[in-house]
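Have a look at the structure below, then the notes.
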Amino acid sequence: MADLTKKYELAWDKYTKEDLEKVFALSNRYVDFMSKCKTERECVVEFTKLAEAQGYKDINTYKSLKAGDKVYANCMGKTLALFLIGSEPIEKGFNILGAHIDSPRLDLKQNPLYEDADFAMLKTHYYGGIKKYQWTTLPLAIHGVFCKKDGSIVNVVLGEDENEPVVGISDLLIHLSGDQMAKTLAKGIEGEDLNVCIGSIPVEDKEAKNRVKLNALRLLNEKYGIDEEDFVSAELEVVPAGRARHYGLDNSMVMAYGHDDRICAYTSYEAMAALTETKKTCVTLLVDKEEVGSQGATGMQSRFFENMVAEVVNLMGDYSDLKVRRALANSKMLSSDVSAAFDPNYPSVSEKQNNAFFGKGIVFNKYTGARGKGGCNDANPEFIAELRSIMEKHNVSWQTSELGKVDQGGGGTIAYILAEYGMEVIDSGVALHNMHAPYEIASKADIYEARRAYEAFLIEA
């Protein structure tokens, strides 16, 4: 009797020596990217640079568009859309890869700098869902921008050079933490206690007030030319310091800050960059603010993407609002975001039959949401069947998953927002350990299979 069961095999088992070389070459490029790009602004700068090297040009430089043209659109330096114009009429829709480039972190408050007990400190407000206790005692760096009154922008990267000091957040010594240890994990470190220590040397003037704070300001002024008021118009993010790392004795994984969701953003970009021509117009959409609900001008709930589609339709000639609506409704999308991999240290939160595993390829989530599928996009089975066919044709390893047991928790992505246009959308991406922690872990095989899956989708859907 024929075997009618579905088996999700390890991708490692199918790789030839040549395949393995490609797996590790991709992971090397990815580690370099993740070591450099720790904020959404840095991602947009780097992706723009890479795209321009592949022939992409700013949409504002075009007076018309034709098949084969490569276009990018930048939204406020924090969201990016890449278009490869296809030979088919635009109203037949797009093949879209959508990922977010913001990650959980600590943001500096608008008035962050103060002195206490002869320490210069910075107040923070955490961004996205984090376990606050995980951010203490780590070497931290500060990335971002100061926007000055004269309109100039000062880029900040502090704590990444090996010859440069890092900053950090203290925790109680075990000898004095009896009360703290009696609290729940959620309350062990409070949000208002995530204050970053940046110095302890005072200025020489012993008559001055807040001498250590003044010395910190002096150092910042010397390095960046800013004063305390400039913090009000700054966007400064506190992130783990140091490079991403290869992980495991067998070199099979990558440890990095911000896999969620730059792992999908980077593999989406590489898939897009591999295409030189296409029938359907292909889009890679890299957005901000997903970790806080996708609101704001640079989030997916803004009109940026819809506006850029209108601009593309206009540059194709014979503009109409109906063409824009048809283009969006006839599109197909992989909403690319990470999933939770089964962790043998914490098996109780997973239902193994419907959970992702390291090394078994890209993950398709028919739905995310919470408990009764609240807040989810629930992909249509017809679309899933089409994706199964595409993955089989290109020998891509894939698996399906839910985000833990039914009543355990849940999560969401940008999928439901794009689905509002009537297009086919499914959540897909790479499964992680330590999701939302300062350092997340991913399988190199899954990174490679995601890259292959995205290219196959762009070509075939």
For the residue pair D337 / H100, report whether a side-chain donor-acceptor contact shorter than 3.5 Å exists.
yes
Are any non-hydrogen side-chain atoms of F119 and I198 less than 4.5 angstrom apart?
no
Test log, rule side chain to side chain contact (heavy atoms under 4.5 Å, CB included), inputs M333 and V283
CA-CA 9 Å; M333 180 184 183; V283 181; over 6 Å; no
Y56 side chain near V71 side chain, heavy-atom distance below 4.5 Å
no
Output field: ring centroids F231/F146 closer than 6.0 Å
yes
Under 3.5 Å: donor-acceptor pair, side chain of N221, backbone of D227
no
Listed partners of K444 passing side-chain contact (heavy atoms from CB on, under 4.5 Å), at least two apart:
W12, V23, F24, S27, H246, N251, V254
Any chance you could lay out the side chain to side chain contact (heavy atoms under 4.5 Å, CB included) test for I426 and L334, step after step, and finish with the verdict?
CA-CA 5 Å; I426 190 171; L334 298 184; 3.6 Å; yes
Assess the residue pair R451 and E270 against the criterion (salt bridge (Lys or Arg N to Asp or Glu O under 4.0 Å)); give the C-alpha distance rounded to whole Å, side-chain angles, the decisive distance to 0.1 Å, and a yes or no.
CA-CA 7 Å; R451 157 69 177 78; E270 282 221 353; 3.7 Å; yes
According to salt bridge (charged side-chain N to carboxylate O under 4.0 Å, His left out), does anything in residues 51-67 pair up with another residue at least two apart or in another chain? List the pairs.
K66-D69
Could you check whether any side-chain N or O of D102 sits under 3.5 Å from a backbone N or O of K289, counting only pairs where one atom can act as donor and the other as acceptor?
yes
Would you say the side-chain atoms of T413 pair up with the backbone N or O of A415, donor to acceptor, closer than 3.5 Å?
yes
In short, salt bridge (charged side-chain N to carboxylate O under 4.0 Å, His left out) pairs touching residues 33-51 with sequence neighbours left out are K36-E46, K38-E160, E40-R105, R41-E235
Parallel, tilted or perpendicular: which fits the ring planes of F33 and Y266, with parallel below 30° and perpendicular above 60°?
tilted
Would you say that more than 12 heavy atoms from the other residues, nucleotides or ligands in this model lie under 6.0 Å from the CZ of R29, or not?
yes
Do side-chain atoms of T278 reach the backbone of T281 as a donor and acceptor pair under 3.5 angstrom?
no
Regarding T48 and Y72, is there a side-chain donor-to-acceptor distance under 3.5 Å anywhere?
no
Looking at every heavy atom in both K209 and L214, which two are closest together, and how far apart are they?
O-CD1, 3.3 Å
Looking at CG of L97 and CE of M272, how far apart are the two atoms once the value is rounded to the nearest 0.5 Å?
7.5 Å
Rounded distance [0.5 Å steps], CG in L432 versus CD1 in I441
9.0 Å
Would you confirm whether S401, through its side chain, and A356, through its main-chain N or O, come within 3.5 Å as a donor-acceptor pair?
yes
Indicate the atoms forming the closest heavy-atom contact of C43 with C37, along with that distance.
SG-CB, 3.8 Å
Is the distance between the ring centroids of H259 and Y30 under 6.0 Å?
yes
Would you give the length of the straight line joining atom CG of N434 to atom CD of E440, rounded to the nearest 0.5 angstrom?
7.5 Å
So, does N210 use its side chain to make a donor-acceptor pair with the main chain of K213 at under 3.5 Å?
no
Would you please say whether a donor-acceptor pair under 3.5 Å links the side chains of Q134 and Y439?
no
Please check: side-chain N/O of T124 versus main-chain N/O of L194, any donor-acceptor pairing under 3.5 Å?
yes
Residue pair I414 / S335: nearest heavy atoms and the distance that separates them
CG1-OG, 3.5 Å
Evaluate K70 against L84 for side chain to side chain contact (heavy atoms under 4.5 Å, CB included), listing each step before the verdict.
CA-CA 5 Å; K70 298 177 177 181; L84 174 59; 3.7 Å; yes
Show the numbers, then the answer: is there a salt bridge (Lys or Arg N to Asp or Glu O under 4.0 Å) between R452 and E455?
CA-CA 5 Å; R452 296 181 64 243; E455 185 176 355; over 6 Å; no
Tell me, do K332 and I96 make a side-chain contact under 4.5 Å, heavy atoms counted?
no
When you look at D179 and K183, which way does the salt bridge (Lys or Arg N to Asp or Glu O under 4.0 Å) test go after all the steps?
CA-CA 7 Å; D179 290 344; K183 297 179 181 179; over 6 Å; no
Rounded to the nearest 0.5 Å, what's the gap from NZ on K280 to OG on S331? Could you check?
6.5 Å
So do C147 and I153 actually touch side chain to side chain, heavy atoms under 4.5 Å?
yes
Tell me the salt bridge (charged side-chain N to carboxylate O under 4.0 Å, His left out) pairs involving residues 252-266, sequence neighbours left out?
none
What one should report as the nearest heavy-atom pair of F304 and A73 is CZ-O, 3.6 Å
Is the closest side-chain heavy-atom distance between L328 and V309 below 4.5 Å?
yes
What's the spacing between T79 OG1 and I101 CD1 if we round to 0.5 Å?
6.0 Å
With under 30° as parallel and over 60° as perpendicular, where do the rings of F383 and F457 fit, or are they tilted in between?
perpendicular
Just to verify, what does D378 make a salt bridge (charged side-chain N to carboxylate O under 4.0 Å, His left out) with, not counting sequence neighbours?
K366, K373
Do the side chains of K92 and N330 get nearer than 4.5 Å, heavy atoms only?
no
Rounded at 0.5 Å granularity, tell me how far OG in S339 sits from CE in M435.
6.0 Å
Going by heavy atoms in the side chains, are I447 and I263 under 4.5 Å from each other?
yes
Residue pairs passing the salt bridge (charged side-chain N to carboxylate O under 4.0 Å, His left out) test where at least one lies in residues 108-132, sequence neighbours excluded
K109-E192
Looking only at non-hydrogen atoms, find the nearest pair between L140 and A241 and report the distance.
C-CB, 3.7 Å
Working for salt bridge (Lys or Arg N to Asp or Glu O under 4.0 Å), residues D32 and R243
CA-CA 8 Å; D32 287 342; R243 287 182 56 80; 2.8 Å; yes
Flag side-chain contact, heavy atom, 4.5 Å: H143 against L236
no
Identify the residue among L172, D171, I169 that makes a side-chain contact (heavy atoms from CB on, under 4.5 Å) with I189.
D171
Heavy-atom donor-acceptor pair, R211 side chain to D205 backbone, under 3.5 Å:
yes
What I want to check is whether the side chains of N215 and R218 have a donor and an acceptor closer together than 3.5 Å.
yes
Check for a donor-acceptor pair, side chain of D107 on one end and backbone N or O of Y126 on the other, with a separation under 3.5 Å.
no
To check you understand the geometry: which heavy-atom pair defines the closest contact between T136 and S170, and what is its length?
CG2-O, 3.8 Å
